[in-house]
Amino acid sequence: MKREEIEKKLKTLDTASINDALRKRGSVDESIKPIKEGDFICGPAFTAKCCPGDMLTALKALEEISEGQILVIDGGGITKYSLFGDLMARQAKIKGVSGVVVDGAIRDVKNIKGEGLSVFCRGIVTRAGTATRLGEINAPVVCGGVIVNPGDWIVGDDDGVVVIPKEKVEDIIHIAEETLKREAIIREAIEQGKSISKLL
């Protein structure tokens, strides 16, 4: 399946159905949520493993990331320092980045929202991180307790973020689609007055 087709199909799904298809193994920590209600992201991961409290790796990743990719920043879950701000959001938007996921904190939320860039993060702070130590770019990282390899598919919505291993994405799409079909049948039965406890 081509990348465009994968993306088109994933955009018809939601993180809950994908999580079910992944047997609850692909959801990042529940504290990582969108900064703007209704945001949706979908695309292959481009990763940045930052040194603690340091944003230099994320800055370098923005130089190398390609259009349509999701920037996944492994900040080790530290929320005392921001690893992503509005100037970075502007650069990401210009480059056509499809979204950003930060296992850590961000700042400049108002301006980031103004850029129209979908950003998911663990926390929001005022204090910027340093920019002196370079970590790893486009290498395996951990985001919210889930291993993310470059090219894995990232989907995020109001419920959170899921990570789909790139080698399993077609199977996961098929399973999730079947789940949604079954749920549509159940929903119709509920509308007809049947009890959900007897339908599941």
Would you call Arg90-Glu115 a salt bridge at under 4.0 Å N-O?
yes

Thinking salt bridges, do Lys8 and Glu4 make one under a 4.0 Å N-O criterion?
no

Residues pairing under salt bridge (Lys or Arg N to Asp or Glu O under 4.0 Å) where one sits in residues 31-46, two or more places apart or in two chains, turn out to be none

Distance-minimising heavy-atom pair for [X] and [Y]:
| X | Y | value |
| --- | --- | --- |
| Lys9 | Glu177 | NZ-OE2, 3.6 Å |
| Val119 | Ile106 | CG1-CD1, 4.0 Å |
| Leu83 | Gly53 | CD2-C, 4.0 Å |
| Ser27 | Val162 | OG-CG1, 3.5 Å |
| Pro44 | Gly151 | CB-O, 4.0 Å |
| Phe40 | Cys42 | CE2-CB, 3.7 Å |

Neighbour count >12 (heavy atoms, 6.0 Å) for atom CZ, Arg3:
yes

Would you say that more than 12 heavy atoms from the other residues, nucleotides or ligands in this model lie under 6.0 Å from the NZ of Lys95, or not?
yes

For Ile124, which of Thr79, Asp108, Ile112, Val109 qualifies under side-chain contact (heavy atoms from CB on, under 4.5 Å)?
Val109

Are [X] and [Y] connected, step by step, through hydrophobic side chains (Ile, Leu, Val, Met, Phe, Trp, Tyr) whose heavy atoms are closer than 4.5 Å?
| X | Y | value |
| --- | --- | --- |
| Ile6 | Phe46 | no |
| Leu10 | Ile154 | no |
| Val169 | Met1 | yes |

Please table the atom pairs, donor to acceptor, closer than 3.5 Å between any side-chain atom in residues 131-144 and protein atoms at least two apart or in another chain.
| residue | atom | partner | partner atom | Å |
| --- | --- | --- | --- | --- |
| Thr132 | OG1 | Asp54 | OD2 | 3.1 |
| Arg133 | NH2 | Pro52 | O | 2.7 |

Taking the side chain as every heavy atom from C-beta outward, state whether [X] and [Y] have any atom pair closer than 4.5 Å.
| X | Y | answer |
| --- | --- | --- |
| Val101 | Ile32 | yes |
| Glu178 | Lys181 | yes |
| Asp29 | Val146 | no |
| Thr57 | Lys60 | no |
| Phe84 | Val100 | yes |
| Val28 | Asp103 | no |
| Phe120 | Ile41 | yes |

Determine whether Met88 and Leu62 satisfy the following criterion, side chain to side chain contact (heavy atoms under 4.5 Å, CB included), listing intermediate values before the conclusion.
CA-CA 8 Å; Met88 297 169 75; Leu62 275 175; 3.6 Å; yes

For a quick check under 3.5 Å, do Ser17 and Asp20 share a side-chain donor-acceptor pair by atom type?
no

Quick one: do the Arg107 and Thr126 side chains pair a donor with an acceptor below 3.5 Å?
no

Has the side chain of [X] got a donor or acceptor atom that lies under 3.5 Å from a matching backbone atom of [Y]?
| X | Y | value |
| --- | --- | --- |
| Gln69 | Ser66 | yes |
| Ser98 | Gly68 | yes |
| Lys166 | Pro150 | yes |

Which value, rounded to the nearest 0.5 Å, describes the distance between [X] atom [atom1] and [Y] atom [atom2]?
| X | Y | atom1 | atom2 | result |
| --- | --- | --- | --- | --- |
| Ile173 | Glu170 | CD1 | CD | 7.0 Å |
| Leu117 | Ile94 | CG | CD1 | 11.5 Å |
| Leu71 | Thr47 | CG | OG1 | 8.5 Å |
| Ile164 | Lys168 | CD1 | NZ | 11.5 Å |
| Cys50 | Asp74 | SG | CG | 7.5 Å |
| Arg23 | Ile175 | CZ | CD1 | 7.0 Å |

Is there a side chain to side chain contact (heavy atoms under 4.5 Å, CB included) between Val72 and Ile70 once you walk through the steps?
CA-CA 6 Å; Val72 178; Ile70 303 290; 4.2 Å; yes

Not counting sequence neighbours, list each pair that qualifies as a side-chain hydrogen bond (donor to acceptor under 3.5 Å, both in side chains) and has a residue in residues 143-158.
Thr15-Asp157

Could you please spell out the steps behind the side chain to side chain contact (heavy atoms under 4.5 Å, CB included) verdict for Val161 and Val155?
CA-CA 6 Å; Val161 178; Val155 180; over 6 Å; no

